[in-house]
Amino acid sequence: MKTILDALGIVIVEVSTEKVVATMPVHDATRQPFGQLHGGASVVLAETVASVGSWNLLDMEKEYAVGLEINANHIRGKSEGTVKATGFPIHKGKTTMVWDIKITDEQNDKLICIARCTMAVIKKIANF
C-alpha cells in the first residue's frame, strides 16, 4: 500500500517516547509552482511526526490517534535539498496529545517551519 509518505519521500529516522525525527526531500513532489517547498508539504511532514509519535505512546490494540488540529508558521523558504522535522510531545493526555514540531534545513539547521499539532486519542470499539 502506497501512502502520502511514499509520495512525498518522508522517512522516519527516530522514534522514542520523547522525540520523533523525520526527513523529507525538497523535490518536484514537495515544491509549489514557484520552486519553493510547499507549505502544505511541511504540514504533512509535521502531522506525520505527531501521528507517529502519538502512535508510539498508545496501546494500539485499544486505541488510535488522528489529527484534530494543526497550525504552522512558515519562516523561511527552501528550494532544494532535505528538511528535517523534529517533534516533541508537550501534552500526553488520555484523550488528546499535543506536539511541537520544528522543521529545519538539514544542512545548516535554520528554521523553515514551526508547527503545533493536536492529536485526538480514540478508543477502539470492540466488534460484537
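The model shown is predicted, which means the values in this text are computed figures rather than measured ones.
- When the shell of 6.0 Å around NZ of K124 is examined, it contains more than 12 heavy atoms from other residues, nucleotides or ligands.
- We find that E18 and K92 are joined by a salt bridge, their nearest charged nitrogen and carboxylate oxygen being less than 4.0 Å apart.
- In this structure the side chain of M97 reaches within 4.5 angstrom of the side chain of L58, judged on heavy atoms.
- For A85 against V49, the heavy-atom pair with the smallest separation is CB-CG2, 3.8 Å.
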Item to complete: Check the pair S42, L37 against side chain to side chain contact (heavy atoms under 4.5 Å, CB included), reporting the backbone distance first and the verdict last.
Response: CA-CA 8 Å; S42 294; L37 176 62; 3.4 Å; yes
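- Partners of D100 by salt bridge (Lys or Arg N to Asp or Glu O under 4.0 Å), not counting sequence neighbours: none found.
- Linking Ile, Leu, Val, Met, Phe, Trp and Tyr residues whenever their side-chain heavy atoms come within less than 4.5 Å places V15 and V121 in a single cluster.
- Rounding to the nearest 0.5 angstrom, the gap separating the SG atom in C117 from the CD atom in E47 is 4.5 Å.
- Under the 4.5 Å side-chain contact rule for hydrophobic residues, I4 and I103 share a cluster.
- One finds the CG atom of D109 at 4.5 Å from the OG1 atom of T104 (value rounded to the nearest 0.5 Å).
- For the pair V44/L8, a side-chain contact is recorded, criterion being any heavy-atom separation below 4.5 Å from C-beta on.
- For E61, the salt bridge (Lys or Arg N to Asp or Glu O under 4.0 Å) test picks out no residue, with sequence neighbours left out.
- No chain of hydrophobic side-chain contacts below 4.5 Å, direct or via other Ile, Leu, Val, Met, Phe, Trp or Tyr residues, connects I70 to V98.
- Note: H74 NE2 to L111 CG = 11.5 Å, rounded to the nearest 0.5 Å.
- A distance of 10.5 Å separates CD1 of I122 from OG1 of T95, quoted to the nearest 0.5 Å.
- A salt bridge is defined here as a Lys NZ or Arg NE, NH1 or NH2 lying under 4.0 Å from an Asp or Glu carboxylate O, and K78 with D105 meets this definition.
- Of the inter-residue distances, the one linking S51 atom OG with Y64 atom OH reads 13.0 Å to the nearest 0.5 angstrom.
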Extract all donor-acceptor atom pairs below 3.5 Å that involve side chains of residues 20-30 and protein atoms in other chains or at least two apart in sequence.
residue: H27; atom: ND1; partner: T30; partner atom: OG1; Å: 3.3
residue: D28; atom: OD1; partner: R31; partner atom: NH1; Å: 3.0
residue: T30; atom: OG1; partner: P25; partner atom: O; Å: 2.9
residue: T30; atom: OG1; partner: H27; partner atom: N; Å: 2.9
residue: T30; atom: OG1; partner: H27; partner atom: O; Å: 3.2

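- Within 6.0 Å of CD in E80 there are 12 or fewer heavy atoms belonging to other residues, nucleotides or ligands.
- Taken together through direct or relayed side-chain contacts under 4.5 Å among Ile, Leu, Val, Met, Phe, Trp and Tyr, V83 and F88 form parts of separate hydrophobic clusters.
- A65 approaches S54 most closely through the heavy-atom pair CB-CB, 3.8 Å.
- Using a cutoff of 4.0 Å between basic side-chain nitrogens and carboxylate oxygens, K123 and E63 are scored as salt-bridged.
- Pairing each heavy atom of S79 with each of Q36, the nearest pair is CB-NE2, 3.6 Å.
- Enclosure of atom CD in Q107 is not indicated, since only 12 or fewer non-hydrogen atoms of other residues, nucleotides or ligands lie within 6.0 angstrom.
- In this structure, the separation between OG1 on T48 and CG on L5 is 4.5 Å, given to the nearest 0.5 Å.
- When all heavy atoms of L57 and W99 are compared, the pair lying nearest together is CD1-CZ2, 4.0 Å.
- Residues V43 and I112 are members of separate hydrophobic clusters, defined by side-chain heavy-atom contacts under 4.5 angstrom among Ile, Leu, Val, Met, Phe, Trp and Tyr.
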